Amino acid sequence: MDYRQEMQELRQQLNHHGYLYYVLDAPTIPDYEYDRMLRRLEELEAQHPEEITPDSPTQRVGGAPISAFQPYSHPVPLESLQDVFDQEEVEDFCRRMAEMLGEDVAYSVEPKADGLSVALEYRDGVFVRGATRGDGRTGEDVTENLRTIRSIPMALPEKLPHLIVRGEVYMAKSVFEELNAQRELRGESLMANPRNAAAGSLRQLDPKVCAARRLDICVFNLQLSEGRDFATHQETLDYLREQKFKVIPNKLLRTPEELGQEIRRLNDVREEFPFEIDGAVVKVNSLSQREIAGSTAKCPRWAIAFKYPPERKPSVVKEIVIQVGRTGVLTPKVIVEPVRLAGTTVTTATLHNQDFIDEKDIRIGDTVVIQKAGEIIPEVVEVLRDRRPEGTVPYHLPDTCPVCGAPVSRDPDGAAIRCTGAECPAQLLRNITHFASRDAMDIEGMGPAVMQQLIDRGLVQNAADLYFLTAEELAGLDRMGEKSAANAMAAIEASKTRGLERLLYALGIRQVGQKAGKVLGGHFKTFEALAAASVEELTEIDDIGAITAQFIRDWLDSPQSKHLIGRLKDAGVSMESAAEQVDDRFAGMTFVLTGALERFTRDEATALIEARGGKASGSVSKKTTYVVAGENAGSKLKKANDLGIPVITEDDFASMLE
C-alpha cells in the first residue's frame, strides 16, 4: 500500500475511534489496538513530515510553549445572557416573547454548563482557530490548547467554507477529583472547583500542561455557517451532532409551566451530568424569531439563564473528626445527620481549619446550615445559634496527630496545622513517593502505583524500608516481573550514593527544598554535623531563615526522624556531601541566569557556580554580583540595568570558568 494511502486510512480510523471514545463514550476497539495504530501513524509522519495534516490525531498532544495569547476578534459576538432567578421571571420572559413574536413560540431548554465559553472556527471543514469569549467581541487565541481536547473534531464530515460554533470547555467532575488527589500527593495546592480548574488549564502557556488536564467540551450554539441555512436552533444542534461534536442535551417546550418543570428537573438531576451546572438556559427555537427579537447592548432578548440558588439545608452536628492528609495537614470535618443536597445525600462537610471553626463558633450538637454550590465538597455556611443546646463547648483541634501521635505545628504563613511525624502512616505514600522521585533519591521504576502496593502489602512503613526490600518481594507485585524487579533493585542500590544534599531534600523536611538541601549539604558536609547544629548556627547560613531553621531543628529532634535516619544508616545510605568543590573563585558571589543559554543548561550553569563556591539566585537584587544574560532576556535584565548590576554574556561566564 502507498504510504500516503496508509496514512490517510490511519487518520480516518483513529479519528473515528476517537469520536466513539471521547464523544459517544462507546469504544469498539481495545486501547491497545488504538495505541498500535497511533504508533504506526507517528512512525510514518516521522518519515514523511510533509504529509502531516491538521486533522491528524498526532497533532493533539500540544506544541511548543508560547509566550502570550494573541487577541482574537469574534466575527459573531459571543453574547452573555440575562439572568433570572424565579418562575415569575420565566413567565415574564414568555409573555414578552409572545407579545413580540406571537403565540406560536417554542423554546429549547438546556443545562447551563459551568465552564469557560469558547468559539471554534472551521475553514473548509478543518479546525483552524479557537478563542475564549473574553468580553464577547474580543477574546484570546487558545487554538493550540483547544487542539488537546479530544472531543473537539479536527476535521468535519461536511466541508463548509466557514463554520463557527460556540461551546463550554469544562473539566469533568471525576477528572477534577482525580487531579486534586494527585496534587495532594505531590504536596501542591488544590484546585478550588472544576470551573476554575478548566479556566486555568485552558490558559496555560504550555499546551502539554493543558493536555494533561484532560479537558472536555459541550457545544451549544451555531454562530456562523456559510453554505448552509437552518430554520431552527434544534436543526443546528442536530447538524452539529452529525458533524461529530459533543452537543449539549436539550428539550423543546412551549408553556411557562413546562419550562419551569424542566428547569426544576435539571436541578434535581444535576449530579448526573459529567460537568458542573449552575442553571438552565431557555432559548427561542426559531432562528427567524430570534432575528425579530434582536439583542440589547449586552445580551439577546430571545434567551435567558435561570440561575440556581445555592442549595442550603439545616442539619445537626453529631461529631467532629480529623483527617490527616497526604501532606500532613489536619482537616476537620463534621459528621451531620443525613441531608439531601443537590441530588446526593450529605453526611459530612468540611470545616477547613481551626480559624474557620473559631470564626463560626461551630460546636458538637449545633444545628448548622450546609451548602453545596460550585464546590465538590459540602461546607458549613452558618450556625443556627437559637437552636444550640445547653452544655456545648468550643472545639479545638488536637495538639498531636491523631494517626501517629507526633506533635502538630501551625504554618507560620497560613491557617494549616500539620503533623510533624517523619513516619506518619497518613503521609506514607506521599513521603516515600517524594523520597524516590527524580530530583530526590531518583529511584527509577518506583512510582506511586508501585509504592501503594508496597504499603498495601505491609512491605514498607517508611522510606528506609525501601532499602530492605528483596527482588522476590518486588517481583510479586502487579505488573512487576523479574526483570523489572531486578532493575528496581539496581536503582535502589544506586540511590544510596546520591549524597547528603539530595537526601535532605528527599526527607521532606518543612521548607527544605532542592536549593536548601544543597546549601545545607555544602555547608555541613555530613549529617552528623548538621544534627549537632543549633537554631542559631543554622540561621547564620545564607538562605536559611529563622523559621526554616526551627523546622529543621524540630525535625532532627523528633523520635520518628531519629528512627528513620538510623534505619537509613543501617541500609548504607550515604550521609555525606556529594558536592565536589573545584575551587572557591566565586566565593561570596551571587549569579542570576536569565534568557536562553546555548552552551549550558540552567542546572549545569548552577552546578558550575556552586562547585566554585558561588550562589545561583532566581531573582535580581542589590546583592547580585553578576547577571548572565542569554537570548531574549526579559525583566531580570531590565532590573539589573536599573540597579546597575554588571551584566555578562554566556561567553564571559565561560571565560570566568576557565
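Computed from a predicted model, the values in this text were never measured in an experiment. Positions are given from 1, in the same order as the sequence printed here.
When the salt bridge (charged side-chain N to carboxylate O under 4.0 Å, His left out) test is applied to E158, the partners found at least two apart in sequence or on another chain are R228. Looking at residues two or more places apart in sequence or on another chain, you find a salt bridge (charged side-chain N to carboxylate O under 4.0 Å, His left out) between K251 and E262. In this structure, the ring-ring contact (aromatic ring centres under 6.0 Å, His included) partners of F275, at least two apart in sequence or on a different chain, are Y170, F273. For L156, the side chain to side chain contact (heavy atoms under 4.5 Å, CB included) partners at least two apart in sequence or on another chain are Y122, P153, L163, Q243, F245. Under the side chain to side chain contact (heavy atoms under 4.5 Å, CB included) criterion, A629 pairs with T594, A633, L637, V647, not counting sequence neighbours. The side chain to side chain contact (heavy atoms under 4.5 Å, CB included) check on A607 picks up nothing, with sequence neighbours excluded. Every side chain to side chain contact (heavy atoms under 4.5 Å, CB included) that T296 has, sequence neighbours left out, goes to K298, C299, R301. With sequence neighbours excluded, the residues forming a ring-ring contact (aromatic ring centres under 6.0 Å, His included) with Y3 are H48, listed by chain and number. Shown here are the ring-ring contact (aromatic ring centres under 6.0 Å, His included) partners of H162, two or more places apart in sequence or in another chain: there are none. In this structure E121 satisfies the salt bridge (charged side-chain N to carboxylate O under 4.0 Å, His left out) test together with R123, R129, sequence neighbours excluded. With sequence neighbours excluded, the residues forming a salt bridge (charged side-chain N to carboxylate O under 4.0 Å, His left out) with K112 are D278, listed by chain and number.
E226 and P161 make their closest contact through O-CD, 3.1 Å (heavy atoms, listed as atom of the first residue, atom of the second, distance). In terms of heavy-atom proximity, T433 sits nearest to P448 at CG2-CG, 3.8 Å. The two atoms that bring L266 and Y308 nearest to each other are CB-OH, 3.4 Å, heavy atoms only. Nearest heavy atoms, E79 versus S295: OE2-OG, 3.0 Å. Between L146 and A131, the shortest heavy-atom distance links the atoms CD1-N, 3.9 Å. Shown here for I164 and P75, the closest heavy-atom pair between the two residues is CD1-CG, 3.7 Å.
Distance check: E140 CD to Q70 CD gives 9.5 Å after rounding to the nearest 0.5 Å. Note that OG1 of T232 and CG of N285 are 4.5 Å apart. Values are rounded to the nearest 0.5 Å. Rounded to the nearest 0.5 angstrom, W302 CH2 and Q289 CD are separated by 12.0 Å. A distance of 5.0 Å separates CE in M37 from CD in Q13, rounded to the nearest 0.5 Å.
Within the 3.5 Å criterion, the main-chain N or O of F600 finds a donor-acceptor partner in the side chain of E650. Here the side chain of D268 pairs no donor or acceptor atom with the backbone of R265 at under 3.5 angstrom. A donor-acceptor distance shorter than 3.5 angstrom exists from the side chain of T350 to the backbone of H352, with no hydrogens or angles considered. Side-chain N or O atoms of S56 include none that pairs as donor or acceptor with a backbone N or O of I52 at under 3.5 Å.
Atom CD of Q12 is surrounded by more than 12 heavy atoms from other residues, nucleotides or ligands within 6.0 Å.
Residues F69 and N145 are in side-chain contact: their nearest non-hydrogen atoms beyond the backbone lie under 4.5 Å apart. Looking at heavy atoms from C-beta onward, E168 lies out of side-chain contact with L116 at the 4.5 angstrom threshold. Between V284 and V105 the shortest side-chain heavy-atom distance falls below 4.5 Å. The side-chain heavy atoms of F306 and F85, taken from C-beta on, include no pair separated by under 4.5 Å.
Screening residues 284-294 for salt bridge (charged side-chain N to carboxylate O under 4.0 Å, His left out) gives no qualifying pairs among residues at least two apart or on separate chains.
Between Y107 and F93, the ring planes are tilted. Angles from 30° to 60° get that label.
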